[in-house]
Structure formats: C-alpha cells, structure tokens
Amino acid sequence: MRAWRVTRPGPVTAGPLTSHDEPVPVPAPGELLVRVLACGVCRTDLHVAEGDLPVHRPAVVPGHEVVGEVAEARAAGFAPGDRAGIAWLRHTCGRCRHCLRGAENLCPDSRYTGWDADGGYAEYATVPADYALSLPEGYSDAELAPLLCAGIIGYRALRRAELPFGGRLGVYGFGGSAHLATQVALAEGATVHVMTRGVGARRLARELGASSAQGPADPPPEPLDAAVLFAPAGDLVPTALAALDRGGTLAVAGIHLTDIPPLHYRRHLFQERQLRSVTANTRDDAGEFLRFAAQHRLRVATTSYPLASADRALVELAEGCVVGAAVLEPSAGEGRSA
Ligand SMILES: [Zn+2]
Ligand SMILES: [Zn+2]
C-alpha cells in the first residue's frame, strides 16, 4: 500500500513527509484493519510533522480523522464491510484514577493515532476495536472525516466552556473545529458571536447563523456567558476574558498555544470568570457528538486532496489557504471543494 511517514520532522516546506510502498498492516487480536476512504488533515498533524510535538513513534504515519471500511475484524462489534472511524484517542489504561472517574482523556498512559501509532495518511490503517467509532448516516466520507477530531474536540470545548442553554457564546478563530461547534451551540439555542481574522470565515459564520462576526480583537456586541478560543494565539486570552460577563468561562481548545501575556486580575479574572484548557477527549464525548451529528445535519466545508498530495495539503494548511477542512481521499481528484 501507499503510506506517508514523518521521516524528517521539521518545517513543512522542507518536506518532513516521505511516501512509501509497504505491506498492508496486520491487525493484532482485538484490532480492526480498515481500508481508508478519507482522512482529515488536522493542525495537530502539522505539529507532528514539524516537530512541535515530541516524536513518539519514529517515522509515524500521521492522520487521526480516518473514515474507512472494515477489511478485517479480529474483535467483536464490527464486521468486514462496516464503516468505522479512527480518531485521535486509541488507548487508555482503564485503571488509573482519571479513567475510573470518567476522565480517560487525562490518562497518563493514553496513546494517540498518528503520533504513538500509525494513522490514516495511507491506504490501510489498524485500530483497537474498543476505540473505533460507529459513524452517522447522511454524510459523505469526506464530510465525516473532520467530525472525528475537529468536531469532537470542538464539542468537548463547548462543554468545558459551560455555555448555559440559550446563552451568549463567543468563538475566537473560525476554522474546522469552530464552524462545527458553532452549529452545535446554535442548535442548542445559543446566540453566537464570532471573532476571527478571515473575511471568508466571517462570511461563513454569518451564513451558519452567528449573530455577529468581527475581527479577533474587537469586542463582541454584548457580554459573553462563555467563550471558546480556537485560534492558537495566547494573546487573545486576555481579550476573550475581558469580553466575558460575570461568572463566564473561557475554554482554550487547542493542543498548542503561544504564550499568554500577563493577566490583570480585575479586568480578566475577578467576578468569578474562569479560564480552562481542553485536553483531547473521551470516548463518551465522541459518542455524544456523533449522535448529535446523526440527529442534526451539520454543514461541513471540505477541500479534498488525493492521498498522493498529502505533503501539499499540509503546506496549504500551514499557509492558511485551505477552504474548510482539508481531507485526503485515496480516490480523489485535485482540490475539489464541497
Ligand atoms: Zn488511565
Ligand atoms: Zn486533530
């Protein structure tokens, strides 16, 4: 099969990925072998390729938004021909205090697809069946891919922001994750204000139902009950905290954030405003979000690339010129947008 590996972690323009012809992986007991139909290109893949995240598995195959068809099942629960999703989380210990209290996202022994184990920038991938996801009907393969990380993490970030029903939500940055979380919040009766740089992103925000869309540092038109920072920009933390109403919560969604400038206690935190991070997700988050996606037809903006152009897709993601979520499809033509 064809597979891309991160053989030289470094700047994406220097070509950290190399393409290989290699044997199809053999699933271990308890695992599924999946034929990849689509794999999303996530910003975390960029952090793996560029070495922002430490190397866990040398020459790993990146990609953790994998939509596929089960080719071989060495476990109960899935059969050949079933559609299955492979997401970021692929192992937890099940015994530590975090796992036992339902916070397996914090398990110190957790392992991740496309970082600790080979992922979906390939024609086949394996996954422990206990961590494989059942996928909702009514979406194309390319549309499902970004739901598996951008969607699930955005959903968890929204929950961590403790948005009250019908509350006022601020969304900072408006990429793949934010445009999905915004649709969840709107479906739950929220008023959403979007703060983002891109003119196209602001237009999409308004089309999806946001009440306002302005620049990243602009104040929203009303105080916020909750906010989610999707942009990896630490200098927006004080800006977003200052936009919160009394008792409001800001959740930082990213795995990577630039430095946060000094906070001023009265302007940014007093009146019981809270600042929280978001770390990966649990399988319960994934299940809840995918059930939500089955009940509410989410609009998913994607640009497809053939698997052979994975290196170019990463460069274009780094340059910020991908419309919607970039998705690799072994069968795709060049640069189709949907
Ligand atoms: Zn654990
Ligand atoms: Zn991701």
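Since this is a predicted model, take the numbers as computed values, not measurements. For ligands, and for the atoms within them, numbers begin at 1 and follow the listed sequence. Throughout, numbering of the chain's residues begins at 1 and tracks the sequence.
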Output field for angle at the Zn ion (ligand 1), C99.SG vs C96.SG, rounded to 10°, should show 110°
Just wondering, is there an N, O or S atom on C93 that's nearer than 2.8 Å to the Zn ion (ligand 1)? yes
Metal-centred angle, the Zn ion (ligand 2) as apex - NE2 of H64, SG of C149, 10° resolution: 110°
Using the six-membered ring of Y139, assess whether NZ or CZ of R297 lies under 6.0 Å from its centre and within 45 degrees of the ring axis. yes
D225 and R168: salt bridge (Lys or Arg N to Asp or Glu O under 4.0 Å), yes or no, with the steps? CA-CA 5 Å; D225 298 304; R168 301 157 297 174; 2.7 Å; yes
Does R283 count as lying over the ring of Y131, i.e. NZ or CZ under 6.0 Å from the six-ring centre, within 45 degrees of the axis? yes
Angle class for the Y155/F292 ring planes (parallel below 30°, perpendicular above 60°, tilted otherwise)? tilted
